[in-house]
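Sequence lines set the chain letters: A, B, ... in the order given, protein chains first and strands last, and positions in each chain run from 1.
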Amino acid sequence: MARAGLSPVAQPRANDGKPNELDIFLEMEAAVEAALAPLVDDGTLRADALASLGPLVEPPRDPAHGELATSAALALARAARANPRELAARMAMALARDPRVASAEVAGPGFVNLRLAPAAWDDLLVAILAAGAAYGRGAPAGAVLPVNIEFVSANPTGPMHMGHCRGAVVGDALANLLAFAGHEVVREYYVNDAGAQVDVLARSAHHRYREALGEEVGEIPAGLYPGAYLQPVGAALAAEFGDRFRAAPEAEWLPLFRKRAVAAMMDLIRADLQALGIRHDIFSSEAEVLASGAPQAAEAELRARGLVYDGVLEPPRGEPSDDWAPTELPLFRSTAFGDDVDRPIRRADGSWTYFGVDLAYHRAKAARSSAMIDIWGADHSGTVRRIVGAVEALTDGRVPLDVKLVQMVRLFRAGEPVRMSKRAGDFVTLREVVDEVGPGVVRFMMLTKRPEAMLDFDFASVVEQSRENPVFYVQYAHARIRSVERRVAESGIVPVDPPPLARLDADERALVRQLAAWPRTVRMAADAHEPHRIAFFLHEVAAGFHALWNRGNDDPALRLFVPDDPGLLAARLALARATAQVLRLGLGILGVEPAEELR
RNA sequence: GCGUCCGUAGCUCAGCCGGAUAGAGCACCCGCCUUCUAAGCGGGAUGUCGCAGGUUCGAAUCCUGCCGGGCGCGCCA
């Protein structure tokens with residue numbers, strides 16, 4: 001998969017060389033594998049059985065089951081033809097010799113429950129603080145091509161509406177997540193500036209152009225975009241060209257107006273994206289792909305390999321239609337990749353289908369990517385097979401394409417469904433919502449649910465209930481920590497350095513263990529391409545912190561800020577700082593500002 | 001009809017490359033502010049994990065089939 005030597009030099013990272021010692025789960029997994037190594041050596045266990053195992057070490061749900069647990073003995077018992085408990089006992093003995101391990105107990109049918117020495121957790125906390133913003137960050141993959149993530153790609157026919165919002169946020173957060181996990185990432189936007197809808201846009205702009213020239217144009221004709229956002233475009237065209245194209249035949253102005261209107265719409269869209277904190281690295285033009293001859297090249301390659309052939313499709317299912325006639329077309333053999341039927345890449349008149357161009361576009365992207373991710377709306381689910389198949393064919397499977405389908409956002413306004421139709425001009429723009437509730441709330445809302453499930457978004461209720469939005473809960477935890485840091489600074493007290501972490505109590509150590517799961521969460525979320533897991537993790541960390549905080553309400557001795565005990569203060573401050581660090585990193589991936597203060 | 005996604009507490013949802021008594025928020029009940037920011041915390045109550053089979057030592061998680069809902073099923077984009 002990696003194509004060494006083809007890419008720019010990878011950025012060095014702060015934790016270069018030793019990323020794993022900050023990931024206690026990876027560390028303990030290595031220890032588990034080491035404990036199992038004798039079984040591989042004596043032939044009891046096949047190495048591939050061990051390798052095929054999923055996560056070996058997990059945080060147990062029940063604290064009675066230790067701080068870390070592994071079910072490896074259960075999973076491997078069959079392959080090793082061993083009694084799981086006996087296997088677990090051998091593992092436990094080996095693990096107990098690890099200096100970091102305080103206890104390793106066999107439990108239940110064959111779990112091994114681990115507790116680490118308090119000093120091991122203390123060392124980890126020190127390491128977290130030393131790592132700072134690098135904590136949990138993946139080591140760079142080295143000289144490989146970037147992961148390409150294409151998202152938004154809204155048609156350039158108007159400003160962004162809420163239907164685009166979810167894919168935009170999920171794509172951006174996923175890009176942040178992958179970058180944090182150590183990948184080079186390219187954010188790309190595919191501008192559909194070649195289809196019939198941009199001709200409609202050009203005609204709509206021409207209408208506004210005549211309007212700007214003072215012509216009495218009346219109602220916007222059906223079939224044109226009625227949105228007022230085209231008025232400035234018409235005015236700009238009038239200012240630039242005067243009445244030169246007012247009565248000219250369409251052929252004289254259409255390409256020009258199309259180009260100007262698309263450029264104006266992309267400016268609108270870029271501004272909308274910026275309001276959400278989103279910036280793409282590359283904007284690729286469908287028209288340019290078309291003009292470049294890339295589709296012809298892709299067709300030639302696929303024909304040579306027998307994956308494009310001339311054939312006649314079955315008539316469409318259902319109602320017999322008048323305009324259908326059996327025609328021989330160049331077809332991509334998508335049925336070889338699990339599709340229902342083969343798909344035409346050109347029409348009867350020889351022009352390219354959307355798929356024909358998209359295929360060529362993905363071929364070009366694949367040449368500069370180690371992996372590709374497309375974020376699409378769920379209404380495009382029917383086209384996933386063909387494009388995944390095409391990419392597999394064109395890259396011989398070397399460049400994986402993951403098409404993530406983002407389900408619809410159903411918009412409500414005070415319980416009433418809001419219709420969204422560009423044609424009718426009545427849609428809720430992204431900007432309206434962002435301006436009212438803020439980008440952080442919008443982003444967090446979009447990330448607190450799996451993208452493949454539908455999301456109901458009640459405009460009014462989000463505005464009203466924003467105080468109860470989970471984003472505030474996380475930001476509040478961060479703000480509280482900042483507040484204590486300010487207080488310490490103002491007090492002039494110098495916390496003991498190094499902090500005597502041994503003084504942390506059991507409840508405080510529970511939070512350390514939560515923070516220890518951060519690198520694992522990043523790894524797993526990145527591997528699964530699921531940024532929402534970060535949002536849920538942050539909520540858990542915030543909950544852990546708030547619980548500690550409130551102990552101080554009942555008992556002042558349990559407060560973070562204990563001015564008469566600089567040692568204890570230092571230890572608690574260290575924990576709080578590490579917590580704030582993790583919250584900042586997580587919020588950074590989600591693209592949400594970590595509040596310094598919340599009043 | 002076919003494909004795809006969803007179906008877990010009253011509501012909104014986590015958990016899903018199998019693991020030890022199923023979790024959170026909201027709503028409901030009971031407590032906690034002469035305040036390290038109560039936008040918080042503690043406690044209580046709430047579930048045939050859509051249904052039925054199967055695989056397994058073990059299934060909310062994997063497989064099959066149903067049921068219910070969303071989206072899609074053109075040489076559109």
Side-chain angles (χ1 to χ4, degrees), chain A residues 52-55 58 60-62 64-65 69-71 74-75 77-78 84 107-111 113 155 157 192 194-198 286 313 315-318 321 323-325 327 329-331 338-341 343-349 351-358 377-385 405 407-408 410 448-456 465-470 472-473 475-477 479-484 486-488 524 527-528 532-533 535-536 539-540 542-543 545-554 556 558-563 572 576 597-599:
Chain A
S52 68
L53 219 54
E58 300 171 327
R61 224 189 344 250
D62 185 344
H65 296 144
T70 176
S71 58
L74 285 162
R78 176 182 289 268
F111 296 98
N113 296 333
N155 285 340
T157 54
N192 296 130
Q197 86 280 1
V198 285
E286 180 186 4
L313 289 172
R317 203 173 288 251
S321 62
D323 58 350
W324 185 86
T327 314
L329 297 167
L331 302 175
D339 206 355
D340 299 332
V341 291
R343 306 289 176 173
I345 60 171
R346 277 186 279 143
R347 306 187 183 92
D349 66 2
S351 64
W352 294 92
T353 62
Y354 183 86
F355 173 57
V357 186
D358 201 26
D379 52 344
H380 292 79
S381 66
T383 65
V384 173
R385 285 267 166 75
L405 294 177
Q407 288 289 333
M408 303 196 337
R410 279 194 308 196
T448 43
K449 187 160 172 172
R450 267 153 49 247
E452 58 267 24
M454 259 195 324
L455 175 69
D456 287 350
Q465 297 176 8
S466 58
R467 295 166 77 91
E468 282 157 18
N469 193 295
F472 288 95
Y473 184 80
Q475 287 178 321
Y476 188 33
R480 278 177 154 176
I481 295 168
R482 288 306 215 193
S483 157
V484 170
R486 283 192 298 268
R487 186 170 285 257
V488 170
M524 294 180 73
D527 287 349
H532 74 274
R533 295 195 194 188
F536 284 94
H539 195 272
E540 286 170 19
F545 177 78
H546 285 309
L548 279 187
W549 179 277
N550 274 84
R551 298 189 313 169
N553 284 344
D554 301 329
L558 291 174
R559 292 182 179 174
L560 263 68
F561 184 62
V562 276
R572 289 181 178 163
E597 201 174 21
L598 231 55
R599 289 275 174 195

Can you tell me, in whole Å, how much space there is between the [atom1] of [N] and that of [M]?
N	M	atom1	value
B:rG18	B:rA22	C1'	14 Å
B:rC67	B:rC26	C1'	30 Å
B:rC6	B:rC41	C1'	35 Å
B:rU55	B:rC63	C1'	7 Å
B:rC16	B:rG74	C1'	36 Å
B:rG70	B:rG58	C1'	34 Å
B:rU64	B:rG3	P	11 Å
B:rG43	B:rA24	P	10 Å

pair A:V484-A:W549: side-chain heavy atoms closer than 4.5 Å:
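Of all side-chain heavy-atom pairs linking A:W549 with A:V484, at least one is under 4.5 Å.
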
Are the side chains of A:P451 and A:H532 in contact, using a 4.5 Å heavy-atom criterion?
yes

Nearest to the [X] side chain among [options], which nucleotide is it?
X	options	answer
A:R450	B:rG15, B:rC75, B:rG42	B:rG15
A:T353	B:rG74, B:rC76, B:rA20	B:rC76
A:H539	B:rC5, B:rA24, B:rG19	B:rA24
A:R385	B:rC36, B:rG74, B:rG3	B:rG3
A:E452	B:rC5, B:rG74, B:rA39	B:rC5
A:A453	B:rC6, B:rG72, B:rA20	B:rC6
A:M454	B:rC36, B:rC71, B:rG70	B:rG70
A:E597	B:rC5, B:rU37, B:rC71	B:rU37
A:R61	B:rA77, B:rA22, B:rC36	B:rA22
A:D554	B:rC32, B:rU37, B:rC71	B:rC32

Looking at the base of [N], is there any donor atom on it, or on the side chain of [X], that sits under 3.5 Å from an acceptor on the other one?
X	N	answer
A:N113	B:rA20	yes
A:D340	B:rG3	no
A:T327	B:rC75	yes

So what's [N] paired with, Watson-Crick or G-U wobble, going by both distances under 3.5 Å?
N	result
B:rC28	B:rG44
B:rA22	none
B:rU56	none
B:rC73	B:rG1
B:rG65	B:rC51

Atom pair [atom1] ([X]) and [atom2] ([Y]), whose distance is rounded to the nearest 0.5 Å:
X	Y	atom1	atom2	result
A:T383	A:R385	OG1	CZ	11.5 Å
A:I481	A:R572	CD1	CZ	14.0 Å
A:L548	A:R559	CG	CZ	14.5 Å
A:H380	A:L405	NE2	CG	10.0 Å

Would you mind reading off the distance between [X] atom [atom1] and [N] atom [atom2], rounded to a whole angstrom?
X	N	atom1	atom2	answer
A:R486	B:rU37	CZ	P	8 Å
A:L455	B:rG70	CG	P	17 Å
A:R551	B:rG31	CZ	C1'	19 Å
A:Q197	B:rA77	CD	P	8 Å
A:E58	B:rC16	CD	C1'	12 Å
A:Y354	B:rG74	OH	P	16 Å
A:F536	B:rG23	CZ	P	16 Å

Taking atom CZ of A:R486 as the centre, does the number of heavy atoms from other residues, nucleotides or ligands within less than 6.0 Å exceed 12?
yes

Specify the residue among A:Y476 and A:R346 whose closest nucleotide of RNA chain B lies further upstream toward the 5′ end.
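With A:Y476 and A:R346 compared, the 5'-side residue is A:Y476.
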
For RNA chain B, whose closest nucleotide is more 5', that of A:A194 or that of A:L405?
A:L405

Expected label for B:rC63 (glycosidic angle, syn inside 90° of 0, else anti) would be anti

Evaluate whether the aromatic ring of A:W549 and the six-membered ring of the B:rC36 base sit under 5.5 Å apart, centre to centre, with an inclination under 30°.
yes

pi-stack flag for A:H380 and B:rG72, centroid dist under 5.5 Å, interplanar under 30°
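A stacking contact does not exist, since A:H380 is not both close and nearly parallel to the base ring of B:rG72.
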
Could you tell me whether the phosphate oxygens of B:rC41, OP1 or OP2, come under 4.0 Å of any side-chain nitrogen or oxygen in A:R480?
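For B:rC41, neither OP1 nor OP2 has a side-chain N or O of A:R480 closer than 4.0 Å.
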
Is the distance between the ring centroids of A:H65 and A:F111 under 6.0 Å?
no

At 4.0 Å (heavy atoms only), tell me whether [X] reaches a base, stays on the sugar-phosphate, or touches nothing.
X	result
A:A477	nothing
A:R559	base
A:D379	sugar-phosphate

Determine the minimum heavy-atom distance between A:Y473 and A:A543, stating which atoms define it.
OH-CA, 3.0 Å

